[in-house]
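Inspection log for the structure reproduced underneath, given as structure tokens.
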Amino acid sequence: MYLRKALIAGGSAAAAAAAILGAAAVGKSKGGPDLDILSVVPAATGQWDRNWDRREPISMVNLSKINGETGEEELQLHLNKHKPKATRHIFLIRHSQYKLDGKTDFDRVLTPLGREQADLTGKRLSSLGFKYNHIVYSTMTRAKETTEIISKYLPDVKKSSSDLLREGAPIRPEPQVCHWKPDFVQYYEDGSRIEAAFRHFIHRADPKQEADSYEILICHANVIRYIVCRALQLPPEAWLRMSLNNGSISYLVIRPNGNVSLRMLGDSGFMPPEKISRT
């Protein structure tokens, strides 16, 4: 009986994965500028998808190779092998204020206020007392400079960069706004990259991970808001309904069973009022 239920659950996960890949393939073949990331992102239904990161243990088992006579015992061994044990703590940091009038990314450096904000954010992260494992930052100038300042307060934490975390237009927002209207092509190009960032960085811990981890992603407002919507299984089109201050901290927790919670969203209460900005 247990094996029969497992087979049904495994089939559902496989069908969902196939549907996403199929939609992506269709979008690629059409190549139309009106297509966006909705073609590969599962629709929010209000019910929690336990296999949202495709790491639910049952979806990792090749059920066709389970012996019929020792099925339940063998299946349980495989499930235990793929079952995560650790919790991932992910801090999403928005870069500090930068010069908006820069002609290129190289020119869009932090303002004096932005450097103060990054300093305050670094102090705040350090004061939380967590043993951070890794800092990953966007390769855009404002994120790199923010990282340099923050890392002074976390000197022993390894750092790496990722183009996946660069700013962009993740998906057409609902409701749409009049002051920000990227071309459809930008949604099509940026959306797949930012979705790839979500899938790469936001998932439950690897089964081999024994201890809880504390990771920092330093990037951009659009990327963070989209990631939060996707992680909480909210409609991704809602990302622009949120607002994040410069240097603010958002904090996601991913449990071994795949449950996700948001402990902070755009927290900048550690900054004096005169140091807060949102540009």
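When reading the values below, keep in mind they use all heavy atoms of this one structure, side chains included, and skip hydrogens, waters and symmetry mates. All residue numbers in this chain count up from 1 along the given sequence.
For Ser161 (side chain) and Thr139 (main-chain N/O), no donor-acceptor pair under 3.5 Å exists by modelled atom type. Side chain of Arg241 to main chain of Glu174: a donor-acceptor pair is present (N/O by atom type, distance under 3.5 Å, no hydrogens or angles). A donor-acceptor pair under 3.5 Å links the side-chain atoms of Gln117 to the main chain of Lys275, judged by distance alone. Under the 3.5 Å distance criterion, the side-chain polar atoms of Lys85 are matched with a main-chain donor or acceptor of Pro207.
Interatomic distance, Arg166 CZ to Asp190 CG, rounded to the nearest 0.5 Å: 10.0 Å. Atoms CD and CG, on Gln97 and Asn246 in that order, are 6.0 Å from each other to the nearest 0.5 Å. Taken to the nearest 0.5 Å, the OG atom of Ser192 stands 11.5 Å off from the CD1 atom of Ile171. Here Lys83 contributes atom NZ and Glu56 contributes atom CD; the two are 10.0 Å apart, rounded to the nearest 0.5 Å. Put simply, CZ on Arg142 and CZ on Arg94 are 8.0 Å apart, with the number rounded to the nearest 0.5 Å. To the nearest 0.5 angstrom, Lys159 atom NZ is 7.0 Å from Tyr137 atom OH.
A heavy-atom distance below 4.5 Å is found between the side chains of Leu110 and Ile149. In this structure the side chain of Val157 never reaches within 4.5 angstrom of the side chain of Ser151, judged on heavy atoms. You'll find the side chain of Phe270 stays beyond 4.5 Å of the side chain of Leu125, heavy atoms only. Counting heavy atoms from C-beta outward, Asp156 and Tyr132 have side chains that stay 4.5 Å or more apart. Between Tyr98 and Thr141 the shortest side-chain heavy-atom distance does not fall below 4.5 Å. Arg230 has its side chain out of reach of Ile202: every pair of non-hydrogen atoms, C-beta onward, lies at least 4.5 Å apart. Between Pro256 and Thr87, the closest side-chain pair of non-hydrogen atoms falls below 4.5 Å.
Residues Leu234 and Leu240 share a hydrophobic cluster, clusters being chains of Ile/Leu/Val/Met/Phe/Trp/Tyr side chains in contact below 4.5 Å. Residue Ile135 is grouped with residue Ile249 when hydrophobic side chains (ILVMFWY) are merged at heavy-atom distances under 4.5 angstrom, including chains of intermediate members. Under the 4.5 Å side-chain heavy-atom criterion for Ile, Leu, Val, Met, Phe, Trp and Tyr, Leu244 and Met140 are members of distinct hydrophobic clusters. Residues Met271 and Leu128 are members of one and the same hydrophobic cluster, defined by side-chain heavy-atom contacts under 4.5 angstrom among Ile, Leu, Val, Met, Phe, Trp and Tyr. Note on Ile216: it clusters hydrophobically with Met264, by side-chain heavy-atom contacts below 4.5 Å among ILVMFWY residues.
For the side chain to side chain contact (heavy atoms under 4.5 Å, CB included) with Ser250, the lone residue among Ile90, Ile227, Ile93, Leu265 that qualifies is Leu265. Results of the ring pair (Phe, Tyr, Trp, His ring centres under 6.0 Å) test with Trp239 over Tyr226, Trp180, Phe198 single out Trp180 as the only residue that passes.
The salt bridge (charged side-chain N to carboxylate O under 4.0 Å, His left out) check on Arg88 picks up Glu215, with sequence neighbours excluded. Remark: Asn259 engages no residue in a side-chain hydrogen bond (donor to acceptor under 3.5 Å, both in side chains) (not counting sequence neighbours). Take Phe130 and apply the ring-ring contact (aromatic ring centres under 6.0 Å, His included) test, not counting sequence neighbours, and it matches Phe91, Tyr214.
The number of heavy-atom neighbours closer than 6.0 Å to NZ of Lys181, taken from other residues, nucleotides and ligands shown, is 12 or below. In Glu274, the CD atom is crowded: over 12 heavy atoms of neighbouring residues, nucleotides or ligands sit closer than 6.0 Å.
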Open item on the list: For Phe201 and Leu165: C-alpha separation, side-chain torsions, deciding distance, then whether side-chain contact (heavy atoms from CB on, under 4.5 Å) applies.
Closed with: CA-CA 10 Å; Phe201 293 109; Leu165 294 173; 3.9 Å; yes

Exercise. Apply side-chain contact (heavy atoms from CB on, under 4.5 Å) to the pair His220 and His95, showing each step before the final yes or no.
Key: CA-CA 6 Å; His220 309 271; His95 61 78; 3.2 Å; yes

Next on the checklist: Working note: Ile218 + Ser138, criterion side-chain contact (heavy atoms from CB on, under 4.5 Å); need CA distance, chi angles, decisive distance, verdict.
Outcome noted: CA-CA 6 Å; Ile218 301 177; Ser138 158; over 6 Å; no

Give the intermediate values and the outcome of side-chain hydrogen bond (donor to acceptor under 3.5 Å, both in side chains) for residues Asp119 and Tyr153.
CA-CA 8 Å; Asp119 191 77; Tyr153 295 93; 2.5 Å; yes

Go through the steps for His134 and Ser160 under the test side-chain contact (heavy atoms from CB on, under 4.5 Å), then give the verdict. CA-CA 8 Å; His134 194 189; Ser160 63; 2.8 Å; yes

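Of all heavy-atom pairs spanning Pro57 and Pro84, the tightest one is CG-CD, 4.4 Å. Heavy-atom minimum distance, Asn245 versus Ser268: ND2-OG, 2.9 Å. Contact record, Gly102 with Asp107: CA-CB, 3.7 Å, taken as the closest heavy-atom pair. Here the shortest heavy-atom pairing between Cys229 and Pro236 reads CB-CA, 4.0 Å.
Side-chain contact of Arg115 with Ser96: a donor-acceptor pair under 3.5 Å is absent, judged by distance alone. Between the side chains of Asp183 and Tyr188, no donor-acceptor pair of N or O atoms lies under 3.5 Å. Between Asn51 and Ser59, the side chains place a donor N or O and an acceptor N or O closer than 3.5 Å (distance only, hydrogens not considered).
Of the charged side-chain nitrogens involved, at least one lies within less than 4.0 Å of a carboxylate oxygen, so that Glu195 and Arg199 count as a salt-bridged pair.
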